[in-house]
K.L.:
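One structure follows; several queries about it will come next.
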Amino acid sequence: SVWKGLPHRSTWCSVTAISGPDTMHVIYGGTFDPIHHGHLRLALEVSEALEVSRVHLVPSHIPPHRGNTGASAAQRLEMIRQAIAGEPALALDEQEVRRGGASYTADTLRQLRAELGPDCPLVMVVGTDAFSSFDRWREWQEIPGRAHIVVVRRPGSELPVGSEAAQLVAERCVGSASELHSRPAGQVLELAPPLLDISATGIRRRIAAGRSPRYLTPDDVCRSIRAW
C-alpha cells in the first residue's frame, strides 16, 4: 500500500484568496499526504484573518525536503477535490503538480508573480516550524521581494534567536492584515489561530497499523484511502 511509507510531515502549504474589489493571493501549500481537518481548518482561519474569500490549496509534486510521498500526486489531488467539495471558500490549484519535478516555494512565487503582475498583493503562509529553517530554502533571499509572509505560530515551536527567520520577522513585521493589502510584497504578519493537533504523519501511521482515520480527515478521503 502507498500508505505504509512514513515520510516526515509537510513543511508548508498554499492559499490564493480574493477580497472585495482588489485581489490578494495567499499561498499556503504542502504535500497534503493526506489532507486532513487541520489543513482545512487552518486555511479557513487564514482566510478570515486576512479578510479574503477564497483559498487555493497548492499541493506539491515532489517535496524536496522529504522525498517520496505516501500517496501519488494524482491521489493527493483527488483527495483534496473530495475534501473541499461544497466549500466555496476553498479551491484547488494544481500548478506545482503540473510543473513536475521538485516543488520549490521560490518557483511557485515566481510563476504567480508573473501571472498576477507586479502590483497584486501576494502572500505565502508558513508555520514557525518550517520557517525556522528559512535560510536553507532555495532562493530564500528573493522570497520577501516576491511576497508577504504570514507566519503561523505553532505551540512549542519558536524561531531560533539570531536566525535569519527571526531577523526577518523583527525587521518586517506588521500589526494587521490590512497592511498586507496595501502593497504587493515585503511584509511579515504573525498569526496565532486555533490549531487542530492533527498530522498527516500520524494519520499514515494509524492507517499502517490498521486503525481508522475517521474524523481526522473527511469521510470521502477516508473512503478513497481504504479503496487504495
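These numbers come from the heavy atoms of this one structure, side chains and all, not from hydrogens, waters or symmetry mates.
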K.L.:
Kindly compute the distance separating CZ (Arg183) from CG (Asp119), expressed to the nearest 0.5 Å.
P.N.:
12.0 Å
K.L.:
Please determine whether a side-chain nitrogen of the Lys or Arg among Arg153 and Glu158 lies less than 4.0 Å from a carboxylate oxygen of the Asp or Glu.
P.N.:
yes
K.L.:
Is the backbone of Val58 close enough, under 3.5 Å, to the side chain of Asp93 for a donor and an acceptor to pair up by distance?
P.N.:
no
K.L.:
Nearest 0.5 Å, what's the CD-CZ distance between Glu164 and Phe134?
P.N.:
9.5 Å
K.L.:
Short question: side chain of Gln75, backbone of Ser72 - any donor-acceptor pair under 3.5 Å?
P.N.:
yes
K.L.:
Please check: side-chain N/O of Arg81 versus main-chain N/O of Leu92, any donor-acceptor pairing under 3.5 Å?
P.N.:
no
K.L.:
Taking atom types as modelled, is there a side-chain donor on Thr201 or Ser199 under 3.5 Å from an acceptor on the other?
P.N.:
no
K.L.:
Just by distance, do the side chain of His148 and the backbone of Glu179 share a donor-acceptor pair under 3.5 Å?
P.N.:
no
K.L.:
Look at the side chain of His61 and the backbone N and O of Gly101, then say whether any donor-acceptor pair between them is shorter than 3.5 Å.
P.N.:
yes
K.L.:
Between atom SG of Cys173 and atom CD of Glu190, what is the distance when rounded to the nearest 0.5 Å?
P.N.:
5.0 Å
K.L.:
Could you state the interatomic distance from CG (Leu189) to OG (Ser176), rounded to the nearest 0.5 Å?
P.N.:
7.5 Å
K.L.:
Say you draw a straight line from CH2 of Trp137 to CD1 of Ile143; how long is it, rounded to the nearest 0.5 Å?
P.N.:
5.5 Å
K.L.:
Distance check, rounded to the nearest 0.5 Å: Gln82 atom CD versus Ser224 atom OG?
P.N.:
3.0 Å
K.L.:
Checking the side chain of His181 only, and the main-chain atoms of Ser178 only, is there a donor and an acceptor separated by less than 3.5 Å?
P.N.:
no
K.L.:
Do Glu96 and Thr108 pair up side chain to side chain, a donor and an acceptor below 3.5 Å, judged on atom types alone?
P.N.:
yes
K.L.:
Would you say Ser157's side chain and Arg154's backbone share a donor-acceptor pair under 3.5 angstrom?
P.N.:
no
K.L.:
Taking Ser212 for the side chain and Arg214 for the main chain, is one N or O donor matched with an acceptor at less than 3.5 Å?
P.N.:
yes
K.L.:
Is the terminal nitrogen or CZ of Arg76 (NZ for Lys, CZ for Arg) located under 6.0 angstrom from the six-membered ring centre of Phe32 and within 45° of that ring's axis?
P.N.:
no
K.L.:
Under the 3.5 angstrom rule, does the side chain of Arg113 hit a backbone N or O of Gly117 as a donor-acceptor pair?
P.N.:
yes
K.L.:
State, yes or no, whether a side-chain contact exists between Leu168 and Ile149 at a heavy-atom distance under 4.5 Å.
P.N.:
yes
